[in-house]
Colleague: 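My questions all concern the structure below.
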There are 2 protein chains.
Amino acid sequence: MYTIGQISEMFGIPISTLRYYDKEGLFPKIERQSGIRRFSETEVETLRIIECLNASGLGIKDIKQFMEWTTEGSATYARRRQLFEKRKAAVEDEIRRLQKTLDMLKYKCWYYETAIRDGNEDRISAMLPDRLPPEIQKLYDHGRS
Amino acid sequence: MYTIGQISEMFGIPISTLRYYDKEGLFPKIERQSGIRRFSETEVETLRIIECLNASGLGIKDIKQFMEWTTEGSATYARRRQLFEKRKAAVEDEIRRLQKTLDMLKYKCWYYETAIRDGNEDRISAMLPDRLPPEIQKLYDHGRS
DNA sequence: GTATTACCTAAACCTGACTTTAGGTCAATG
DNA sequence: CATTGACCTAAAGTCAGGTTTAGGTAATAC
């Protein structure tokens, strides 16, 4: 059993945030000892799931919904699975989107390296939009598609 | 030359957002014809950069700073390059973070597939934390590290 | 000539995710 | 026995990134 301060330390999450999560119903089964929250392994695992779902871009209201399902036992396995499948697809999309952004950023890095070397952007402008060096052209094209 | 409505269509960005960007100084050189904004190729390119920097997680104030640098010519090439290098590193970090999240989500998908098949979580609980099937163990371990 | 459509502004409003504030309880320490 | 430290609540405040509202102009369509 842990106090809110210990959990805050363990996860690097401010106490105020943990209390806010609790107020929002993210720890549906948390116990209290004369008013004081007692975090068990259940809540530690819950917090790991919160971090994961949060990192996947899910909002707090939907995380709360998920936590309610976990209190309903095996009847909600299918819904919970569905949620994770959707989050998986969303994160895969997000990674693809970031991969494109990354190619655009790499192109821009090359752009400014070249502009610094040349002292101006004239030579690059003359190569646009389809006469860039092959490797750079790939980045440029992927970054816009 | 394009009107704000045409640009909104082209980029799939609400007109209100484009006006908001302008108010925030993201189109430092935009022209007006008796009060009406006229978007040229310069602003189209600016919007592509806004989308890219935004997607990289940069806030609007910092994007504005960048746009100011572009109006100062070759004197700011080095600062602009530095910004893109930093965004590149930030996006690389974010992709790594999402990769971990993805592994955790894949593990959770397997978890619920298995729980559904078994009708309960007992068999899985008995395998935790280090007797999971090899492929799943990899996902589980990576997702927490 | 009026009605519609596309544009304009300033300012208020909204949402999500916290954080801060103000005031209080309770156990241990000097 | 008073002060410190760790906990508590409710409510207000903050911030980013927009969106909505209310009121106005100006060209085209019927």
Side-chain angles (χ1 to χ4, degrees), chain A residues 1-40 43-44 46-68 83 87 90 94 97 101, chain B residues 1-40 43-44 46-67 87 90 94 97 101:
Chain A
M1 285 289 183
Y2 309 94
T3 66
I4 200 168
Q6 290 169 325
I7 294 285
S8 169
E9 280 286 289
M10 271 176 72
F11 282 86
I13 296 175
I15 291 177
S16 62
T17 304
L18 293 170
R19 292 211 261 249
Y20 162 69
Y21 286 170
D22 187 25
K23 201 173 54 175
E24 294 300 305
L26 265 46
F27 304 113
K29 293 185 156 166
I30 196 165
E31 277 176 49
R32 289 186 180 238
Q33 198 175 51
S34 54
I36 289 168
R37 292 175 188 84
R38 309 191 71 237
F39 291 74
S40 71
E43 279 72 42
V44 170
T46 296
L47 212 38
R48 278 200 272 264
I49 296 173
I50 291 169
E51 282 193 323
C52 172
L53 289 176
N54 222 335
S56 86
L58 201 67
I60 274 177
K61 275 160 200 165
D62 293 324
I63 298 179
K64 179 192 174 159
Q65 175 66 270
F66 177 84
M67 293 311 164
E68 280 166 14
L83 177 68
R87 292 333 292 160
E94 179 68 3
R97 198 183 64 93
T101 300
Chain B
M1 285 290 185
Y2 310 94
T3 66
I4 200 168
Q6 289 169 325
I7 294 286
S8 168
E9 281 286 288
M10 271 176 71
F11 281 86
I13 296 174
I15 291 177
S16 62
T17 304
L18 293 170
R19 292 211 261 248
Y20 163 68
Y21 285 171
D22 187 26
K23 200 171 58 178
E24 293 301 305
L26 265 46
F27 304 114
K29 292 186 159 169
I30 196 165
E31 277 176 47
R32 290 188 180 235
Q33 198 176 48
S34 56
I36 290 170
R37 291 172 186 86
R38 311 190 72 236
F39 292 75
S40 70
E43 278 72 43
V44 171
T46 296
L47 252 180
R48 279 200 271 264
I49 296 173
I50 291 170
E51 282 193 323
C52 172
L53 290 176
N54 223 335
S56 86
L58 201 67
I60 275 178
K61 275 161 200 162
D62 292 324
I63 298 179
K64 179 192 173 156
Q65 174 66 271
F66 176 83
M67 292 310 163
R87 292 333 292 160
E94 179 67 2
R97 198 183 64 93
T101 301

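Chain naming here is simple, since letters A, B, ... match the order of the sequence lines and numbering starts at 1 in each.
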Colleague: Grab the NZ-P distance between K64(A) and dC18(C) for me, whole Å please.
Modeller: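 Interatomic distance, NZ of K64(A) to P of dC18(C): 16 Å.
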
Colleague: Once side-chain hydrogen bond (donor to acceptor under 3.5 Å, both in side chains) is applied, do any residues pair with Y2(A), and if so which ones, sequence neighbours excluded?
Modeller: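 Testing Y2(A) for side-chain hydrogen bond (donor to acceptor under 3.5 Å, both in side chains), a comparison that skips the adjacent residues, returns E41(A).
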
Colleague: Walk me through it: do Y20(B) and L26(B) pass the test side chain to side chain contact (heavy atoms under 4.5 Å, CB included)?
Modeller: CA-CA 9 Å; Y20(B) 163 68; L26(B) 265 46; over 6 Å; no

Colleague: Output a table of nitrogen or oxygen pairs between the protein and nucleotides 13-16 of chain C separated by less than 3.5 Å.
Modeller:
residue	atom	partner	partner atom	Å
dG16(C)	OP2	K61(A)	NZ	3.1

Colleague: Mapping K23(B) and I4(B) to their closest nucleotides on DNA chain C, which lands nearer the 5' end?
Modeller: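 In this pair, the answer is I4(B).
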
Colleague: Looking across every strand, which nucleic acid part, if any, lies under 4.0 Å from T3(B) by heavy atom: base, sugar-phosphate, or nothing?
Modeller: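 Here T3(B) touches the backbone only, sparing every base.
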
Colleague: In plain terms, say whether D22(B) and R32(B) are close enough for a salt bridge, that is, a side-chain N and a carboxylate O under 4.0 Å apart.
Modeller: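 A salt bridge links D22(B) with R32(B).
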
Colleague: Between the side chains of E43(B) and S40(B), is a donor N or O closer than 3.5 angstrom to an acceptor N or O?
Modeller: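 Side chains of E43(B) and S40(B): pair found under 3.5 Å.
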
Colleague: Within this structure, what is the NZ-CD distance for the pair K64(A) and E24(A), rounded to the nearest 0.5 Å?
Modeller: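 Result: 7.0 Å between the selected atoms.
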
Colleague: Atom CD of Q33(B) and atom C1' of dC8(C): how far apart are they, to the nearest Å?
Modeller: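 Those two atoms, CD and C1', are 14 Å apart.
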
Colleague: Classify R32(B) by what it touches in the nucleic acid, base, sugar-phosphate, or nothing, heavy-atom distance under 4.0 Å.
Modeller: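 Touches sugar-phosphate only.
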
Colleague: Does a salt bridge link R97(B) with E94(B), judged by any charged N lying under 4.0 Å from a carboxylate O?
Modeller: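 Salt bridge between R97(B) and E94(B), a charged N being under 4.0 Å from a carboxylate O: yes.
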
Colleague: For DNA chain D, which nucleotides open and close the run of contacts to chain A, 5' to 3', at under 4.0 angstrom from a non-hydrogen atom?
Modeller: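 Terminal contacting nucleotides, 5' to 3': dC7(D) to dT9(D).
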
Colleague: Does the side chain of M67(A) reach to within under 4.5 Å of the side chain of I49(A), using non-hydrogen atoms?
Modeller: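 Yes; the side chains approach each other to less than 4.5 Å.
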
Colleague: Which pairs of donor and acceptor atoms, one on a side chain in residues 6-19 of chain A, lie under 3.5 Å apart (sequence neighbours left out)?
Modeller:
residue	atom	partner	partner atom	Å
Q6(A)	OE1	T3(A)	N	2.8
S8(A)	OG	I13(A)	O	2.7

Colleague: For L58(A) and L83(A), what are the C-alpha separation, side-chain angles and deciding distance, and is it a side chain to side chain contact (heavy atoms under 4.5 Å, CB included)?
Modeller: CA-CA 10 Å; L58(A) 201 67; L83(A) 177 68; 4.3 Å; yes

Colleague: Nearest whole Å is fine: how far is dT25(C) P from R37(A) CZ?
Modeller: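 My rounded result for the distance is 17 Å.
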
Colleague: Looking at DNA chain C, which of residues 5-18 of chain A put a heavy atom within less than 4.0 Å of it?
Modeller: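 Contacts with DNA chain C under 4.0 Å: P14(A), S16(A), T17(A).
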
Colleague: The criterion is ring-ring contact (aromatic ring centres under 6.0 Å, His included); which residues satisfy it with F39(A), sequence neighbours excluded?
Modeller: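 With sequence neighbours excluded, F39(A) shows a ring-ring contact (aromatic ring centres under 6.0 Å, His included) to F27(A), given in chain and number order.
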
Colleague: To the nearest Å, give me how far apart CD1 (I36(B)) and P (dA6(C)) are.
Modeller: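 After rounding, the reported distance stands at 13 Å.
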
Colleague: Would you sort out whether Y21(B) and N54(B) count as a side chain to side chain contact (heavy atoms under 4.5 Å, CB included), showing the intermediate values?
Modeller: CA-CA 12 Å; Y21(B) 285 171; N54(B) 223 335; 3.5 Å; yes

Colleague: Rounded off to whole Å, could you give me the CG-to-C1' distance for the D22(A) and dA17(C) pair?
Modeller: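 In whole Å, dA17(C) C1' lies 16 Å from D22(A) CG.
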
Colleague: Quick one: label R19(A) by what it contacts on the DNA or RNA (base, sugar-phosphate, nothing), any heavy atom closer than 4.0 Å.
Modeller: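 Since a base atom lies under 4.0 Å of R19(A), the category is base.
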
